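Worksheet: one structure, shown below.
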Amino acid sequence: MTQSGDDLAYRRVLVKVSGEALMGDEPFGLHWPTVAAIARDLVEARATGAQVAVVVGGGNILRGARVAGDGLDRATADHMGMLATAMNALALEKAIEAAGSPARTLCAVPMPTICESYARQPALKHLSRERIVVLAGGTGNPYFTTDTGAVLRAAELGCDAVMKATNVDGVYTADPKKDPNAKRYDRLTHDEALAKDLKVMDAAAFALAREARLPIIVFSIREPGAIASAIRGEGRATVVAP
Ligand code: UDP
């Protein structure tokens with residue numbers, strides 16, 4: 001059941017789901033039980049009463065910067081990366097529908113026989129009609145990442161926050177997998193994250209978030225219900241906010 005949303009910290013959110021989050025513990029591609037679990041979390045997030053848009057990455061299939069070279073130019077490699085995000089988006093759309101919510105994929109790279117092309121007004125219309133909007137193709141341009149796509153769409157769609165779902169439960173002083181003394185931040189400003197050189201997102205994405213004064217909530221997607229908790233302003237997360 002969809003709730004009224006009156007008690008939420010954020011009423012319209014952009015959730016960034018990396019391609020890697022969709023592969024679970026597999027080395028490549030999609031792990032269906034993991035895709036289904038993330039879809040259930042997104043449906044639960046929508047049921048809080050918040051409007052939910054999702055930007056999907058493609059790193060579980062292909063990253064342009066990694067495969068460029070040896071005769072494959074970067075722009076073409078990035079086009080391939082954007083196609084990878086579209087594959088993930090279609091999988092996530094179907095998993096969201098199977099979990100009980102209407103969903104629409106909108107792609108920044110037009111492919112009209114497969115899904116709608118991204119445009120701001122239709123995206124806003126779908127959100128207002130309680131559909132989960134899955135955004136594919138990043139920014140639609142090479143040399144960018146889906147992190148930048150996430151912040152860009154969050155800004156233009158008037159989202160209250162970017163929810164960055166990762167494999168760790170926040171931003172740390174150092175990589176917690178490598179440094180046992182690494183400490184987690186509960187709260188940071190954009191300026192503090194920059195001054196401490198903390199890698200919250202890639203530089204272009206982070207600069208845009210700072211400029212647009214968009215909060216970034218970093219939390220672990222491996223924790224069931226984490227997206228809904230973050231929307232309520234609860235749960236274990238780092239909040240980067242002005
Ligand atoms: N990509 C791009 N422009 C964009 C977004 C993505 O060219 O605006 C390409 C780029 O090659 C990137 C790939 O798509 O490596 C997959 O996106 P990303 O690496 O951001 O995925 P994630 O790390 O979130 O899985």
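Numbering of ligands and ligand atoms starts at 1, following listing order. In this text the structure is predicted, and so the values were computed from the model without any measurement.
Distance check: Arg40 CZ to Ile227 CD1 gives 12.0 Å after rounding to the nearest 0.5 Å. Taken to the nearest 0.5 Å, the CG atom of Asp41 stands 11.0 Å off from the CD1 atom of Ile96.
Protein heavy atom at the shortest distance from atom 18 (P) of ligand 1 is Thr146 OG1, 3.4 Å. Looking from atom 7 (O) of ligand 1 to the surrounding protein, the closest heavy atom is Asp78 CB, 3.1 Å. Counting protein heavy atoms only, atom 12 (C) of ligand 1 is closest to Gly64 N, 4.0 Å. Ranking the protein heavy atoms by distance from atom 21 (O) of ligand 1 puts Gly58 N, 3.0 Å first. For atom 1 (N) of ligand 1, the closest heavy atom belonging to the protein is Phe144 O, 3.4 Å. Closest protein heavy atom to atom 3 (N) of ligand 1: Asn141 O, 2.7 Å. The protein heavy-atom contact nearest to atom 5 (C) of ligand 1 is Thr145 C, 3.3 Å. Scanning the protein heavy atoms around atom 14 (O) of ligand 1, the nearest turns out to be Gly81 C, 3.1 Å.
Across every non-hydrogen atom of Glu116 and Pro122, the tightest pair is OE1-CB, 4.3 Å. The two atoms that bring Ala204 and Thr148 nearest to each other are CB-OG1, 3.9 Å, heavy atoms only. Of all non-hydrogen atoms in Pro142 and Ala75, the two that sit nearest each other are CB-CA, 3.9 Å.
Met201 and Met163 fall into different hydrophobic clusters, defined by Ile, Leu, Val, Met, Phe, Trp and Tyr side-chain heavy atoms under 4.5 Å apart, directly or through other members. Under a hydrophobic-cluster definition in which Ile, Leu, Val, Met, Phe, Trp and Tyr are linked whenever side-chain heavy atoms come within less than 4.5 Å, directly or via other members, Leu8 and Val52 are assigned to the same cluster.
Under a 4.0 Å N-O distance rule, the pair Asp169/Arg222 does not qualify as a salt bridge. Using a cut-off of 4.0 Å between Lys/Arg side-chain N and Asp/Glu carboxylate O, Asp197 and Lys199 are scored as salt-bridged.
Remark: ligand 1 and Gly19 share an N or O pair separated by less than 3.5 Å (distance only, no angle test). The shortest N or O to N or O distance between Ala77 and ligand 1 is not below 3.5 Å. Between Thr139 and ligand 1, at least one N/O pair is under 3.5 Å apart. When only interatomic distances are considered, the shortest N/O to N/O separation between Gly59 and ligand 1 falls below 3.5 Å. The shortest N/O to N/O separation between Ser18 and ligand 1 does not fall below 3.5 Å. Any N or O atom pair closer than 3.5 Å counts here, and Pro142 shares no such pair with ligand 1. Of the polar atoms of Thr85, none of the N or O atoms is found under 3.5 Å from an N or O of ligand 1, judged by distance alone.
Between the Asn60 side chain and the Glu20 main chain, no donor and acceptor come within less than 3.5 Å of each other.
Heavy atoms of His79 found under 4.0 angstrom from ligand 1: none, in either backbone or side chain.
Summarising the contacts of atom 23 (O) of ligand 1 with Arg66, Glu20, Arg63, the nearest heavy atom is found in Arg63.
Contacts of Tyr172 classified as ring-ring contact (aromatic ring centres under 6.0 Å, His included), with partners at least two apart in sequence or in another chain: none. Glu223 meets the side chain to side chain donor-acceptor pair (under 3.5 Å) test with no other residue; sequence neighbours excluded.
Interface of Lys16 with ligand 1, defined as ligand atoms under 4.0 Å from a residue heavy atom, comprises 24 (O). Taking every non-hydrogen atom of Gly57 and a distance limit under 4.0 Å, the qualifying atoms of ligand 1 come out as 21 (O), 22 (P), 24 (O), 25 (O).
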